[in-house]
Amino acid sequence: MEDAHTLSRRSFLTGRATPDVAGIRPPGVSRSALEACTGCGACVESCPTGIISLVRSVPAIDFAAGECTFCGTCAKACPEPVFHQQSVRRFPHAVSISLGCFAKSGTACQSCGDACPEQAISFRPRIGGPFVPELNEAACTGCGACIGVCPAAAIGVAQRGDVHA
Ligand code: SF4
Ligand code: SF4
Ligand code: SF4
């Protein structure tokens, strides 16, 4: 299975930052723990923001559908030993803002900053153009709230320490 970094890299190479689907596991699920998943779908049905679906019979998150609030409902709903970490408040990934961002190409937009619950995206003033978004990777939990709201589909997940901003 491809990891988030691979998908993000491809997205940037093709000029299209996707809200990635395959490979993003619910919070608290390790790759190896997925072997215990029976594909029952209990986590899918439990998620209040509707961002979990079964991809190749294991749970995967689609941030295009919404954000993770780290509510822990999926972990509680799962009858198998898949969720090894409880009360997780952070994903292994962060996000990355590509050059497809409207603000970077001259059209004012601050939707991602408005959506971020962690104030991890600030806007840097510049002469002769709209403010441009800058990510504070340390503050980013990877929740995905900024991804679906971006009108340019310019935000994707990225491995921490490898942000293409
Ligand atoms: S922690 Fe809550 S919002 Fe996040 S994937 Fe699980 S059920 Fe959905
Ligand atoms: S993924 Fe990071 S930058 Fe985006 S809304 Fe969540 S905390 Fe903010
Ligand atoms: S929401 Fe998208 S287009 Fe708007 S400032 Fe953020 S990254 Fe740029």
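Every heavy atom of this structure was used, including side-chain atoms; hydrogens, water molecules and symmetry mates were not. Remember, it's 1-based here, ligands and their atoms both numbered in the order they're listed.
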>> List ligand 2 atoms under 4.0 Å from V95, heavy atoms only on the residue side.
In response: 1 (S), 3 (S)

>> For H93 and F63, take the angle between the two ring planes, folded into 0 to 90°, and tell me which bin it lands in: parallel under 30, tilted 30 to 60, perpendicular over 60.
In response: perpendicular

>> Between I155 and C112, is there a side-chain heavy-atom distance shorter than 4.5 Å?
In response: yes

>> Give me the number of protein N, O or S atoms whose distance to atom 2 (Fe) of ligand 3 is under 2.8 Å.
In response: 1

>> Checking a contact table here: which protein heavy atom is nearest atom 2 (Fe) of ligand 1, and how many Å away?
In response: C71 SG, 2.2 Å

> Just which atoms of ligand 1 are under 4.0 Å from any heavy atom in T49?
Replying inline: 3 (S)

> For S32, which residues count as a side-chain hydrogen bond (donor to acceptor under 3.5 Å, both in side chains) partner, sequence neighbours excluded?
Replying inline: S30

> So which protein heavy atom does atom 8 (Fe) of ligand 1 come closest to, and at what separation?
Replying inline: C47 SG, 2.3 Å

> Less than 4.5 Å apart, any side-chain heavy atom of P130 and any of T107?
Replying inline: no

> At the 4.0 Å heavy-atom cut-off, does G72 count as touching ligand 1?
Replying inline: yes

> Side chain or backbone of P27 under 4.0 Å from ligand 1, or both, or neither, by non-hydrogen atoms?
Replying inline: side chain

>> Below 4.0 Å, non-hydrogen atoms only: which portion of P26 touches ligand 1? Side chain, backbone, both or neither.
In response: neither

>> Could you measure the distance from the CD1 atom of I61 to the SG atom of C43? Nearest 0.5 Å is fine.
In response: 9.0 Å

> Heavy-atom distance to atom 7 (S) of ligand 2: which of T141, D114, V157 wins?
Replying inline: T141

> Heavy atoms, side chains only, cut-off 4.5 Å: are E118 and R90 in contact?
Replying inline: no

>> Below a 4.0 angstrom heavy-atom separation, can you tell me which part of I121, side chain or backbone, both or neither, approaches ligand 2?
In response: side chain

> Can you find a heavy atom in the side chain of C146 that is under 4.5 Å from one in the side chain of I121?
Replying inline: yes

> If you count the atoms of ligand 2 from 1 in the order shown, which ones are under 4.0 Å from a heavy atom of P117?
Replying inline: 5 (S)

>> By the definition salt bridge (charged side-chain N to carboxylate O under 4.0 Å, His left out), identify the one residue from R124, K104, R126 that meets it with E134.
In response: R124

> For atom 1 (S) of ligand 2, what is the nearest protein heavy atom, given as residue, atom name and distance?
Replying inline: G144 N, 3.2 Å

> Can you list the atoms of ligand 2 that are under 4.0 Å from a heavy atom of G142?
Replying inline: 1 (S), 2 (Fe)

>> The test is side-chain contact (heavy atoms from CB on, under 4.5 Å); show your working for T49 and C68 and say whether it passes.
In response: CA-CA 7 Å; T49 56; C68 176; 5.8 Å; no

> Numbering the atoms of ligand 1 from 1, which are under 4.0 Å from a heavy atom of I52?
Replying inline: 5 (S)

> What protein heavy atom sits nearest atom 4 (Fe) of ligand 1, and how far away is it?
Replying inline: C68 SG, 2.4 Å

> At a 4.0 Å threshold, what atoms of ligand 1 neighbour a non-hydrogen atom of P48?
Replying inline: 7 (S)

> Nearest non-hydrogen atom to atom 6 (Fe) of ligand 2 belongs to which of C143, A145, G148?
Replying inline: C143

> What residues, two or more places apart in sequence or in another chain, satisfy side chain to side chain contact (heavy atoms under 4.5 Å, CB included) together with P151?
Replying inline: F102, C109, S111

>> Suppose I only count heavy atoms of C116 and a 4.0 Å limit; which atoms of ligand 2 are within that range?
In response: 3 (S), 5 (S), 7 (S), 8 (Fe)

>> As a quick check of understanding, evaluate side-chain contact (heavy atoms from CB on, under 4.5 Å) for C74 and C47, giving each step before the final call.
In response: CA-CA 6 Å; C74 49; C47 178; 5.5 Å; no

>> So, using side chain to side chain contact (heavy atoms under 4.5 Å, CB included) as the criterion, who are the partners of P48 when residues are at least two apart?
In response: C71, T73

> Taking only heavy atoms of L135, which atoms of ligand 2 are found under 4.0 Å from at least one of them?
Replying inline: 3 (S)

> Rounded to the nearest 0.5 Å, how far apart are CZ of F91 and SG of C143?
Replying inline: 8.0 Å

> Looking at side-chain heavy atoms only, is the closest gap between C101 and P133 below 4.5 Å?
Replying inline: yes

> What distance do K76 atom NZ and F83 atom CZ have between them, rounded to the nearest 0.5 Å?
Replying inline: 11.0 Å

